Protein chains: 2
Amino acid sequence: MPEPLLRVPLDRTSPVPLYFQVAQQLEHAIEAGALPPGTRLDNEIQLADDYGLSRPTMRRAIQYLVERGLLVRRRGVGTQVVHAKVKRQVELSSLYDDLTAAGQRPTTQVLVNTVVPADGTVGTALGLPAGTAVVFLERLRLAGGEPLARMRNYLPTELVELPTAALEERGLYQLLRAAGIHLRVATQVVGARAATATEARLLGEARGAPLLTMSRTAYDDSGRVVEFGTHIYRASRYSFEHTLVGR
Amino acid sequence: MPEPLLRVPLDRTSPVPLYFQVAQQLEHAIEAGALPPGTRLDNEIQLADDYGLSRPTMRRAIQYLVERGLLVRRRGVGTQVVHAKVKRQVELSSLYDDLTAAGQRPTTQVLVNTVVPADGTVGTALGLPAGTAVVFLERLRLAGGEPLARMRNYLPTELVELPTAALEERGLYQLLRAAGIHLRVATQVVGARAATATEARLLGEARGAPLLTMSRTAYDDSGRVVEFGTHIYRASRYSFEHTLVGR
DNA sequence: GTCAATACTTTGTAATGACATATTGACGTA
DNA sequence: TACGTCAATATGTCATTACAAAGTATTGAC
């Protein structure tokens with residue numbers, strides 16, 4: 001199958017790496033339907049030649065798309081398009097970011113912003129002895145005027161200043177980033193349970209209504225625990241969606 | 001910080017790639033605590049030299065661990081250990097595999113194994129016109145003798161033979177793999193809702209009890225839809241756990 | 001005509017060399 | 001002392017080359 005892709009020439013003066021330029025061009029071609037699922041790409045030597053690149057650079061571009069689930073490669077066979085559109089890799093993002101990306105314009109009510117002694121669960125999650133003072137946030141997140149989630153976060157006190165006004169304007173992760181804290185890894189658990197009376201009232205659901213629960217521990221560049229959160233979402237208005245890539 | 005790691009020499013005759021051997025050694029050292037979070041590794045040139053490898057190979061080993069969230073690199077600074085233990089990357093696995101890996105010994109009851117016409121939802125998910133005949137499976141998964149999930153799967157008829165006896169012995173994904181079908185990409189949505197009376201009875205929960213829901217569309221090597229499933233899990237006994245890696 | 005050995009294609013792994021760029025810290029000067 | 005500059009250090013990008021291994025197709029023998 002020939003590839004008469006009209007290609008934008010690469011910009012070697014750009015700070016954007018060549019492999020990334022190529023990967024993006026391919027990704028656009030796939031998303032635009034120019035390379036429908038099942039298409040076999042030329043072999044990497046040929047492609048490298050077409051683009052005027054070396055084979056490692058071309059491989060790197062292809063590898064990037066393989067890892068994102070757009071392409072599949074098999075030795076002796078070739079490279080094929082698997083999937084036209086990837087929702088977005090599971091990534092370390094916040095609810096605020098997700099909603100903003102979806103054009104939802106989220107708002108936040110800060111219910112609690114104080115310092116409390118850590119209980120056992122919070123202590124172990126943050127790697128601090130129980131009883132240590134930690135920042136405790138409780139926030140209500142709304143989208144389109146409707147309550148969506150109640151979020152509870154615990155952070156080490158010395159980490160960053162979090163004024164309530166700022167938290168009503170921006171997401172927690174945005175504020176952390178602005179403070180030069182780079183989140184790198186997180187472990188999270190997603191489950192479900194029934195709403196208590198208080199939770200139901202807050203979220204505008206019936207008592208006993210099913211809620212999605214998510215608890216997350218997020219780590220820094222340097223391995224420090226930055227944040228531990230336990231959140232509840234209205235199951236009627238929210239779900240977690242992502243793309244998995246195998247092998 | 002020096003690195004007097006006692007290293008197993010690399011096996012150049014092994015079919016296991018050198019970069020992977022190195023990555024595993026580092027991973028073990030990190031998990032064993034020999035390289036606690038925050039440790040700065042030697043620079044990659046030094047490391048390559050220590051192992052007797054070229055820089056690209058050493059880079060590849062490090063890169064692998066960076067992508068899994070164990071290490072962090074910053075240009076001009078160096079490579080640091082972030083996190084000692086990674087739960088397990090979010091991967092394209094089946095409930096059966098997950099339970100087996102956790103040592104739970106799952107069992108399966110096949111409730112329905114038949115061919116039905118696809119309704120609208122199933123049709124669009126599988127990319128077939130509504131009304132097309134598709135294989136319909138309904139299975140009850142138990143762990144430790146207790147019901148855990150009810151799973152409904154829809155598959156194209158021509159894909160593979162799925163005898164009920166085989167489905168009681170093995171997981172669906174195992175059977176697909178055995179038939180030479182390589183799952184590559186999947187998109188899934190995790191939510192929650194209340195159990196209907198029938199569902200509650202089947203799973204041994206009270207009516208209205210919160211359930212975790214997961215629907216997944218899984219794709220082949222070549223981009224074909226292999227399977228569409230809508231599953232419900234007892235929230236009291238199951239949750240989704242994974243590690244996210246940022247940036 | 002069938003089956004097995006072989007050749008070819010394509011990706012996978014690895015080494016070597018070169019230059020670019022971000023970061024830190026030290027040094028020197030105002 | 002404060003600030004800017006520069007050097008040292010580390011990772012990031014890219015090219016070139018060679019060989020290994022897997023999968024497919026072809027060819028040849030029986």
Side-chain angles (χ1 to χ4, degrees), chain A residues 1-3 9-26 39-67 70-82 180 182 184 221-222 247, chain B residues 1-3 9-26 39-67 70-82 180-182 184 220-222 247:
Chain A
M1 196 169 290
E3 314 275 311
L10 301 177
D11 178 4
R12 281 179 179 271
T13 69
S14 159
V16 178
L18 293 173
Y19 77 88
F20 196 75
Q21 292 183 40
V22 174
Q24 286 209 316
Q25 279 191 32
L26 285 174
T39 313
R40 265 221 342 268
L41 263 56
D42 282 346
N43 71 62
E44 59 188 33
I45 310 215
Q46 184 61 50
L47 282 174
D49 214 55
D50 289 353
Y51 279 104
L53 294 172
S54 68
R55 183 155 85 114
T57 303
M58 193 64 223
R59 276 182 69 77
R60 191 161 174 189
I62 293 173
Q63 194 55 38
Y64 174 77
L65 296 177
V66 168
E67 270 153 23
L70 290 165
L71 298 178
V72 172
R73 329 192 67 187
R74 272 184 306 170
R75 171 170 1 186
V77 179
T79 305
Q80 268 184 309
V81 179
V82 199
H182 304 294
R184 252 331 178 333
D221 265 0
S222 49
R247 213 53 37 107
Chain B
M1 196 170 287
E3 314 275 308
L10 301 177
D11 179 3
R12 281 179 180 270
T13 69
S14 159
V16 178
L18 292 173
Y19 76 88
F20 196 75
Q21 292 184 41
V22 175
Q24 287 210 314
Q25 279 191 34
L26 285 174
T39 311
R40 265 220 344 266
L41 263 55
D42 282 346
N43 72 62
E44 59 188 31
I45 310 224
Q46 183 60 52
L47 282 175
D49 214 55
D50 289 354
Y51 279 105
L53 294 172
S54 67
R55 196 179 149 211
T57 303
M58 193 64 223
R59 276 181 69 77
R60 192 161 174 191
I62 293 173
Q63 194 55 38
Y64 174 77
L65 296 177
V66 168
E67 271 153 24
L70 290 166
L71 298 178
V72 171
R73 327 192 69 187
R74 272 184 306 169
R75 184 189 323 206
V77 179
T79 306
Q80 268 185 309
V81 179
V82 198
I181 297 168
H182 304 297
R184 252 338 181 325
D220 198 332
D221 266 0
S222 49
R247 213 53 37 105

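Just so it is clear: chains get the letters A, B, ... in the order the sequence lines come, proteins before strands, and each one is counted from 1. Note that the coordinates shown come from a computational prediction; the quantities given were computed from them, not determined experimentally.
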- Under 4.0 Å: is that the gap between some side-chain N or O of A:T79 and OP1 or OP2 of C:dT11? yes

query: Is any side-chain nitrogen or oxygen of B:R60 closer than 4.0 Å to OP1 or OP2 of C:dT13?
result: yes

Of D:dT11, C:dT11, C:dA15, the nucleotide closest to the side chain of B:R12 is C:dA15

A:D49 atom CG is separated from D:dA15 atom C1', nearest whole Å, by 13 Å

TODO: Just call it for B:R74: base, sugar-phosphate, or nothing, with non-hydrogen atoms closer than 4.0 Å on any strand.
DONE: sugar-phosphate

Whichever of A:P15 and A:R55 has the more 5' nearest nucleotide on DNA chain C, that residue is A:R55

Whole-Å distance, A:R75 CZ to C:dT11 P, equals 11 Å

#### Entry: Phosphate-side-chain proximity, B:Y19 and C:dT13, N/O vs OP1/OP2 below 4.0 Å
yes

- Query: For A:R59, which contact category applies under a 4.0 Å heavy-atom criterion: base, sugar-phosphate, or nothing?
  - Reply: base

Can you check whether A:T57 has a side-chain N or O nearer than 4.0 Å to OP1 or OP2 of D:dT13?
no

Among the nucleotides D:dA10, C:dT16, C:dG12, whichever has the atom closest to the side chain of B:S54 is C:dT16

Open item on the list: Taking any heavy-atom pair under 4.0 Å as a contact, classify A:P56: base, sugar-phosphate, or nothing.
Closed with: base

